[in-house]
Amino acid sequence: MFENENDEKPLAELFAVYAKDVSRLAAQPKIVESFDALQQGRPEPEQLLDREDELPLAQLLEIKKERFRHSCRDSKKKNPLKSKKVRGEVKRGKRRSTRSNDLQMSRRFRPEDETTKWDSLEHNGVLFPPEYVPHGRPLLYNGSEIALPPEAEEVATFFAAKLGTDYVTKATFRKNFFEDFRKTLPSSLRERILRLEDCDFSRIRAYLDDLKEQKQNMPASKRKELRESEALRVAPYTVAIVDGRKEKVANFRVEPPGLFLGRGDHPLMGRVKRRITPEDVTLNLGPGAPIPPCPTPDHHWGSIVHNRKVTWLACWRDPISDEYKYVWLNAASHFKAVSDQEKFEKAQQLSKHITRIRKEYIKDFDSPNRHVQQRSVALYLIDKLALRVGNEKGDDEADTVGCCSLRVEHVLLQEPNTVQLDFLGKDSMRYFNKVTIDPRVFRRMREFIKGKKLFENIFDELKVDELNDYLKSLMPGLSAKVFRTYNASYTLDRLLNGTSTPGSDFHSRLLFYNEANKNVAILCNHQRSLPKTHTVMVGENPRTT
DNA sequence: ACATCGGACTCAGAAAGATTATG
DNA sequence: ACATAATCTTTCTGAGTCCGATG
C-alpha cells in the first residue's frame with residue numbers, strides 16, 4: 001500500500017491514508033470490526049494493541065466520529081482550538097494566576113487568545129474516598145496486643161495491606177513507613193513501639209483477608225447489585241460538559257491516602273501519603289457554571305478558578321512530591337484528541353525533515369566545538385536508539401537517567417565501534433543494549449568519557465533545554481520526544497507495510513500485527529516485569545505470549 | 001538577556017478487576 | 001458444569017517531557 005523507499009515518505013503517506021480512514025469513521029457511527037480492518041490490511045487497533053501510546057495508526061483510528069468533527073476541522077492550523085467561536089455569555093478574560101480571583105480583564109483588551117482551550121466548562125467536582133472506619137484489630141508488639149487509635153490504626157493497616165509484597169523487604173520502605181507510623185502514635189505508645197521488627201501486623205492482615213474473602217464469596221447477584229448502586233453514586237462525577245459537549249472524566253476520584261509506592265529505588269517509598277481534603281483541591285469551572293457543593297459539610301474547596309487556558313477540571317498538590325495532580329477528561333475526549341493529533345502531525349512533519357536533520361547532526365560530529373559535538377552525539381543516540389532526552393532529577397527521586405543524563409558508568413565502549421548501554425530509565429526500567437554505532441560517534445564518546453569518573457555526566461556540556469532549543473531551530477515545534485513518536489510510528493509502518501506479509505487468515509494476521517507491535521515495544525524499551533507469583537519462562541518477553 | 005522554575009501535559013508499569021480458557 | 005488459572009482490560013498514580021513565566 002505504501003512506498004518505503006526512503007525515510008521521508010511513508011509516514012506522510014500513511015497519515016494521508018489514515019486521515020481518509022478517520023473521515024470514513026466520522027461518517028459512520030460504528031467502528032470497523034477487526035476482521036474487516038485486517039482484510040483491508042489494517043488491523044483494528046483497539047483490540048490489537050498492547051499499548052496505545054506512541055502508536056499513531058491506532059490513535060488516529062481511535063478517533064471517533066464525535067471528536068473528529070471537532071478536531072479535524074482546523075487540523076492544519078497551529079492551534080486547532082483557536083478558531084473556535086466565543087460563546088455568547090463568556091466575556092471573561094484570561095487569568096494570570098490560577099490562584100488569584102482576578103477575572104476582570106475583558107477579552108477585548110487583548111488581541112486574540114490563541115491558548116484558550118474552552119469557553120464553558122461545567123462539572124460536579126471530584127469524588128473523595130470514604131472516611132476511615134476503624135476496625136479495632138490490634139497490633140501485636142513483642143507478642144502483646146496494642147489497641148491503636150484510629151489514625152495510627154489506619155496507617156498500620158496501610159502497611160498490613162502491603163505484607164507479602166517486596167516493598168516490605170526494602171530497608172528504605174520500612175524506615176520511611178516506621179518513621180511516619182510512629183508520628184501517628186500517642187507519646188505513651190511511641191515510647192514503647194521502637195522497632196518495626198517487633199511489630200506484628202498479622203491480626204490486621206487477617207482482617208483484610210477476611211474482607212476480601214467475604215467479597216469473593218458474595219453471590220454474583222449481590223455483587224452485581226453493589227456494582228450498580230456504586231455506579232449510580234459515582235455517576236455525577238464521571239462527566240463534564242465542555243462547550244456543550246458531554247465528555248467523560250478520567251480520574252474523578254481523589255487519590256486515597258496510603259503508603260507512597262515509588263518505582264525502583266525511590267528514597268520516599270513507604271512514606272505515608274496523607275488524605276486529601278477539599279481545602280487542598282482547586283476546581284476549574286466556567287465562570288457561569290454552578291460551583292459544586294463541597295461534599296463534606298465542615299469543609300470548603302481550596303479555591304475555584306476559571307482558567308480557560310488549561311484543560312484540567314481540578315487539581316491539588318501531591319503531599320509526597322508536592323507536584324500538581326490534575327483531574328482530566330478521558331482519552332476519548334476532544335481535548336485529548338486534539339493534542340494527540342497535534343502530536344502525530346508533529347511526527348509527520350519530522351518525517352519530512354528527518355533526512356536534512358540527520359545530515360545536519362552528522363556534520364556536527366566533526367565540529368571543533370565540544371558543545372556542538374555533544375549535542376550532535378546525543379541527538380544521534382536519541383534518533384537511533386529512541387532514548388528519552390533525560391532531564392535532571394532531584395535528590396528526592398529515584399536515580400534514573402535518559403540520554404543527556406547518561407553517566408560514564410552507564411556506557412561501555414568496545415572497539416572498533418560498539419557501545420553497550422546499561423542504565424535505569426523511566427520507571428527504573430533497565431535499558432540494556434549493545435549496538436554498533438557510527439565510528440565518528442564512537443570516537444566522540446570516547447573523548448567525552450576520557451578522564452571522567454564513573455559518576456560524571458558524559459554530556460557535561462549539554463543541557464536538555466539547549467538541545468530542544470536547537471531542535472526548534474531545525475523545525476518549528478520539534479523537541480526530543482518527537483523522535484520517539486516518529487521512530488515508533490515509522491517502525492510500525494515499515495513492519496506492517498514492508499516486504500514481509502502475513503497469511504490471509506485472521507489468526508496469522510493477528511500474529512503478524514502483534515509481532516510488529518512487539519518490535520516497536522522493543523525499540524521503545526517498553527516492558528513489564530513478570531508477575532512474581534507465577535512460574536517464569538526464562539528469557540521470554542511477557543508481551544510475546 | 002538569560003537561566004531557573006512552576007505548571008501542565010503525556011507517558012508508563014503495577015495492581016485490580018473482568019473475562020475467558022482449562023482441566 | 002465448576003473451580004481455578006490464565007489472560008485481557010481498566011484503573012491508578014508515579015515518572016517523565018517541555019514550555020513559558022519569572023526574577
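What you see is a predicted model, and the numbers here were worked out from it, not measured in a lab. In what follows, chains are A, B, ... by sequence order, proteins preceding strands, each numbered from 1.
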Starting at [atom1] of [X] and ending at [atom2] of [N], how long is that distance when rounded to a whole Å?
X: Asn517(A); N: dC8(C); atom1: CG; atom2: P; value: 13 Å
X: Asn217(A); N: dA3(C); atom1: CG; atom2: C1'; value: 13 Å
X: Tyr326(A); N: dC9(B); atom1: OH; atom2: C1'; value: 8 Å
X: Met218(A); N: dG17(B); atom1: CE; atom2: P; value: 12 Å
X: Asn307(A); N: dA8(B); atom1: CG; atom2: C1'; value: 10 Å
X: Tyr431(A); N: dC11(B); atom1: OH; atom2: C1'; value: 18 Å
X: Lys117(A); N: dG7(B); atom1: NZ; atom2: P; value: 16 Å
X: Asn330(A); N: dT10(C); atom1: CG; atom2: P; value: 11 Å

Task: Base versus backbone protein contacts along nucleotides 11-18 of chain C [heavy-atom cut-off under 4.0 Å; B, S, -] - done: -SSSBSBS

Test item: side-chain donor near acceptor, [X] and [Y], under 3.5 Å:
X: Lys393(A); Y: Thr400(A); result: yes
X: Asp383(A); Y: Tyr361(A); result: yes
X: Asp280(A); Y: Thr277(A); result: yes
X: Asn433(A); Y: Tyr431(A); result: yes
X: Asn517(A); Y: Glu515(A); result: no

Side-chain N,O ([X]) to OP1/OP2 ([N]) below 4.0 Å:
X: Lys343(A); N: dC11(B); answer: yes
X: Arg528(A); N: dT7(C); answer: no
X: Thr311(A); N: dC9(B); answer: yes
X: Tyr324(A); N: dA8(B); answer: no
X: Arg317(A); N: dG7(B); answer: yes

- [ ] Scan for salt bridge (charged side-chain N to carboxylate O under 4.0 Å, His left out) pairs involving residues 460-470 of chain A, sequence neighbours excluded, and state none if there are none.
- [x]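 As it turns out, the salt bridge (charged side-chain N to carboxylate O under 4.0 Å, His left out) pairs with a partner in residues 460-470 of chain A, which skip direct neighbours, are Lys452(A)-Asp460(A).
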
TODO: Would you confirm whether the ring centroid of His266(A) sits within less than 6.0 angstrom of the ring centroid of Phe260(A)?
DONE: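 For Phe260(A) and His266(A), the ring centres are under 6.0 Å apart.
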
Open item on the list: With nearest nucleotide decided by heavy atoms, which residue, Lys215(A) or Lys463(A), maps closer to the 5′ end of DNA chain B?
Closed with: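 Taking each residue's closest nucleotide, the earlier one in sequence belongs to Lys463(A).
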
TODO: Determine the contact category for Arg227(A): base if any of its heavy atoms lies under 4.0 Å from a base atom, sugar-phosphate if only primed atoms, P, OP1 or OP2 are that close, otherwise nothing.
DONE: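 The residue Arg227(A) makes sugar-phosphate contact but no base contact.
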
